[in-house]
Amino acid sequence: MSYVNDVLQNLIAKNPGEAVFHQAATEVLESIAPVIEANPAYEKAGILERLTEPDRAILFRVPWVDDQGKVQVNKGYRVQFNNAIGPYKGGLRLHPSVNLGVIKFLGFEQIFKNSLTGLPIGGGKGGSDFDPKGKSDREVMAFCQSFMTELYKYVGADIDVPAGDIGVGAREIGFLYGQYKRITGLYEGVLTGKGLTYGGSLARKEATGYGLVYLMKEMLATKGESFEGKRVVISGSGNVAIYAAEKATAFGGKVVALCDSTGWIYDEAGVDLAAVKQIKEVERKRLREYKNYRPNAEYHEDGVIWDVPCDIALPCATQNELHLEHAETLIKNGVIAVGEGANMPSTPDAIHAFQKAGVLFAPAKAANAGGVATSALEMSQNSLRLSWTFEEVDQRLHGIMVGIFNQMAAAAEKYGHAGDYVVGANIAGFVKVADAMLAQGVV
Ligand code: NDP
């Protein structure tokens with residue numbers, strides 16, 4: 001379609017070197033073409049041009065002092081992409097691979113994901129090329145305080161509410177929150193993923209992984225399948241992976257493999273999650289330590305986790321981690337369902353291969369939306385000055401994930417792509433934002 005193609009060509013020309021942003025925009029825009037064609041008002045109002053250009057991108061220096069007394073400097077980013085349906089909302093990523101293109105791809109995806117949750121939250125994302133690995137707690141605090149000393153000018157409970165992502169967990173959110181409070185004097189829900197003693201929500205830590213499994217359960221049920229007795233392989237061993245593994249196990253699945261950025265474990269008896277939590281959440285160590293807990297398990301630094309035969313694969317580490325050859329191996333080994341816990345973990349040709357082979361495929365913006373949905377529930381609790389029970393939050397999360405599944409299935413069917421959840425999720429997420437933008441005029 002020429003409007004979609006023109007916008008994409010322009011975007012690629014105007015944003016050179018931002019390959020992952022190009023990839024994310026191409027996937028979304030190409031799959032919403034049927035809606036754009038059916039509604040000429042979107043083109044007239046320049047909806048796609050406006051949606052693909054962030055409201056603003058804030059870039060800043062983050063100076064901090066390391067344990068040797070030397071000054072270090074990192075890059076800081078916050079991209080406020082779109083607030084048509086609510087305050088900007090999206091995590092902060094701390095990883096050496098972070099650059100403007102990565103933050104824009106994540107912020108762009110976040111617009112549609114947040115829309116799918118049915119909650120009033122816009123899209124944003126931020127982060128830094130700072131690497132928390134191997135840093136002392138004091139160094140992480142120094143970095144977080146410096147980062148917030150600039151960021152506080154742009155965020156607020158009704159403006160922009162950041163959260164965690166890769167490299168940002170409870171420790172970092174605590175340091176960021178403390179600094180925000182110190183500078184502004186405000187005790188407000190400006191961040192989510194907070195500790196339970198200062199405004200955090202029960203079940204937020206578990207939400208992305210649990211939500212992923214709730215959505216997969218709905219999708220499997222369309223084929224008369226469930227997690228019961230299935231072999232599950234999950235990449236990553238961070239926040240999303242650990243709690244996806246926990247819920248998949250609770251639903252009767254057997255998680256046989258996990259990885260980190262150095263290697264992967266294979267445990268035919270089913271992964272010992274208490275050991276993984278001890279290694280990753282408490283000691284912040286490498287997964288190679290797992291053999292100290294389970295001597296019969298295997299640990300590898302060669303090969304890839306996707307070579308392990310499984311029924312259900314859940315990529316929960318990082319973007320573009322699952323390529324065509326991995327998809328082909330998974331298909332050959334009989335995978336029946338793939339759910340993206342990470343953001344854009346599968347390359348476009350891998351997704352195509354899964355869909356062509358009839359594998360159930362849940363795209364990230366639907367599959368991992370449980371995290372941001374529960375963050376929005378944390379915002380609600382902060383505004384109400386109340387704390388809901390774990391069961392209450394978990395029940396709402398479950399209802400939201402079922403709602404997301406139903407929305408994406410219905411949208412795919414309405415536009416003639418029944419069972420294509422990539423198209424369904426993109427269309428369902430897009431329509432709500434686009435209609436809000438139309439209603440609010442040219443802004
Ligand atoms: P964490 O930092 O807690 O964990 C990331 C995990 O993935 C770690 O085990 C890390 O290994 C591993 N990893 C990172 N890069 C690679 C790689 N190149 N190869 C193999 N393993 C790798 O992050 P999260 O679990 O929070 O986030 C994971 C993904 O989920 C990201 O794409 C994030 O954007 C997405 N997401 C997270 C949400 C959340 O609520 N946390 C919400 C929605 C999406 P190591 O331990 O070696 O660093």
Side-chain angles (χ1 to χ4, degrees), residues 20 24 89-98 102-103 105-107 109-110 112-114 116-117 123 125-127 131-134 162-173 191-193 200-201 203-212 215 233-246 257-265 276-277 279-281 283-290 300-301 303-306 314-323 326 339-346 362-378 397 401:
V20 280
K89 180 99 198 81
L92 297 172
R93 175 174 292 190
L94 299 183
H95 194 272
S97 63
V98 164
V102 168
I103 299 298
F105 123 63
L106 291 164
E109 288 281 298
Q110 198 82 44
F112 309 99
K113 179 188 309 191
N114 292 3
L116 277 172
T117 66
K125 198 83 186 186
D131 187 358
K133 273 202 204 95
D165 191 77
I166 292 179
V168 177
R171 174 181 61 168
E172 292 74 17
I173 293 289
L191 290 163
T192 57
S201 174
R204 173 59 188 91
K205 185 176 65 173
E206 293 82 357
T208 309
Y210 279 21
L212 166 65
L215 185 120
V233 166
I234 303 180
S235 63
S237 49
N239 176 259
V240 180
I242 287 176
Y243 292 95
E246 186 166 281
L258 290 174
C259 71
D260 63 16
S261 49
T262 334
W264 52 280
I265 54 168
V276 175
K277 286 184 187 178
I279 296 164
K280 286 294 178 184
E281 293 187 334
E283 296 172 11
R284 297 177 190 275
K285 285 191 174 157
R286 309 275 77 210
L287 219 42
R288 69 169 68 90
E289 304 286 325
Y290 185 77
H300 300 273
E301 291 189 358
V304 284
I305 194 169
W306 309 121
L314 304 176
C316 295
T318 193
Q319 65 266 17
N320 291 330
E321 55 161 313
L322 198 166
H323 303 168
H326 307 141
E340 296 189 315
N343 282 311
M344 207 168 75
S346 321
K365 61 174 72 67
N368 69 28
V372 73
T374 308
S375 277
L377 298 179
E378 182 174 331
L397 166 66
M401 297 314 295

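Start at 1 and go down the list; that is how both ligands and their atoms are numbered. We number each residue from 1, following the sequence as shown.
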| task | State the CD1-NE2 distance between I265 and H300, to the nearest 0.5 angstrom. | result |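 These two atoms lie 10.5 Å from each other.
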| task | May I ask you to test the L258-I234 pair for a side-chain heavy-atom distance under 4.5 Å? | result | yes
| Side-chain heavy-atom pair K133, S261 within 4.5 angstrom cut-off |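 SC-SC contact between K133 and S261 confirmed.
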| query | Minimum heavy-atom separation for K113 to K365, with atom names? | reply |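 Where K113 meets K365 most closely, the heavy atoms are CG-O, 3.1 Å.
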| said: Could you walk me through whether R288 and E301 satisfy the salt bridge (Lys or Arg N to Asp or Glu O under 4.0 Å) test, starting with their C-alpha distance in whole Å, then the side-chain angles of each, then the deciding distance to 0.1 Å, before giving a yes or no? | reply: CA-CA 9 Å; R288 69 169 68 90; E301 291 189 358; 3.1 Å; yes
Short N or O separations between ligand 1 and the protein, below 3.5 Å:
{"from": "ligand 1", "atom 1": "2 (O)", "to": "G167", "atom 2": "N", "distance (Å)": "3.2"}
{"from": "ligand 1", "atom 1": "3 (O)", "to": "N239", "atom 2": "N", "distance (Å)": "2.9"}
{"from": "ligand 1", "atom 1": "9 (O)", "to": "S237", "atom 2": "N", "distance (Å)": "2.9"}
{"from": "ligand 1", "atom 1": "9 (O)", "to": "S237", "atom 2": "OG", "distance (Å)": "3.2"}
{"from": "ligand 1", "atom 1": "9 (O)", "to": "G238", "atom 2": "N", "distance (Å)": "3.4"}
{"from": "ligand 1", "atom 1": "11 (O)", "to": "S261", "atom 2": "N", "distance (Å)": "3.2"}
{"from": "ligand 1", "atom 1": "21 (N)", "to": "D260", "atom 2": "O", "distance (Å)": "3.4"}
{"from": "ligand 1", "atom 1": "25 (O)", "to": "N239", "atom 2": "N", "distance (Å)": "3.1"}
{"from": "ligand 1", "atom 1": "25 (O)", "to": "V240", "atom 2": "N", "distance (Å)": "3.0"}
{"from": "ligand 1", "atom 1": "32 (O)", "to": "R93", "atom 2": "NH2", "distance (Å)": "3.4"}
{"from": "ligand 1", "atom 1": "32 (O)", "to": "N343", "atom 2": "N", "distance (Å)": "3.1"}
{"from": "ligand 1", "atom 1": "34 (O)", "to": "R93", "atom 2": "NH2", "distance (Å)": "2.9"}
{"from": "ligand 1", "atom 1": "34 (O)", "to": "D165", "atom 2": "OD1", "distance (Å)": "2.6"}
{"from": "ligand 1", "atom 1": "34 (O)", "to": "D165", "atom 2": "OD2", "distance (Å)": "3.4"}
{"from": "ligand 1", "atom 1": "34 (O)", "to": "N343", "atom 2": "ND2", "distance (Å)": "2.8"}
{"from": "ligand 1", "atom 1": "40 (O)", "to": "R204", "atom 2": "NH1", "distance (Å)": "3.4"}
{"from": "ligand 1", "atom 1": "40 (O)", "to": "R204", "atom 2": "NH2", "distance (Å)": "3.0"}
{"from": "ligand 1", "atom 1": "40 (O)", "to": "T208", "atom 2": "OG1", "distance (Å)": "2.7"}
{"from": "ligand 1", "atom 1": "41 (N)", "to": "N239", "atom 2": "OD1", "distance (Å)": "3.4"}
{"from": "ligand 1", "atom 1": "46 (O)", "to": "K280", "atom 2": "NZ", "distance (Å)": "3.1"}
{"from": "ligand 1", "atom 1": "46 (O)", "to": "R286", "atom 2": "NH2", "distance (Å)": "3.2"}
{"from": "ligand 1", "atom 1": "47 (O)", "to": "S261", "atom 2": "N", "distance (Å)": "2.9"}
{"from": "ligand 1", "atom 1": "47 (O)", "to": "S261", "atom 2": "OG", "distance (Å)": "2.4"}
{"from": "ligand 1", "atom 1": "47 (O)", "to": "R286", "atom 2": "NH1", "distance (Å)": "3.0"}
{"from": "ligand 1", "atom 1": "47 (O)", "to": "R286", "atom 2": "NH2", "distance (Å)": "2.8"}
{"from": "ligand 1", "atom 1": "48 (O)", "to": "K133", "atom 2": "NZ", "distance (Å)": "3.0"}

| field | With sequence neighbours excluded, residues passing ring-ring contact (aromatic ring centres under 6.0 Å, His included) with F112 | value |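 With sequence neighbours excluded, F112 shows a ring-ring contact (aromatic ring centres under 6.0 Å, His included) to F108, given in chain and number order.
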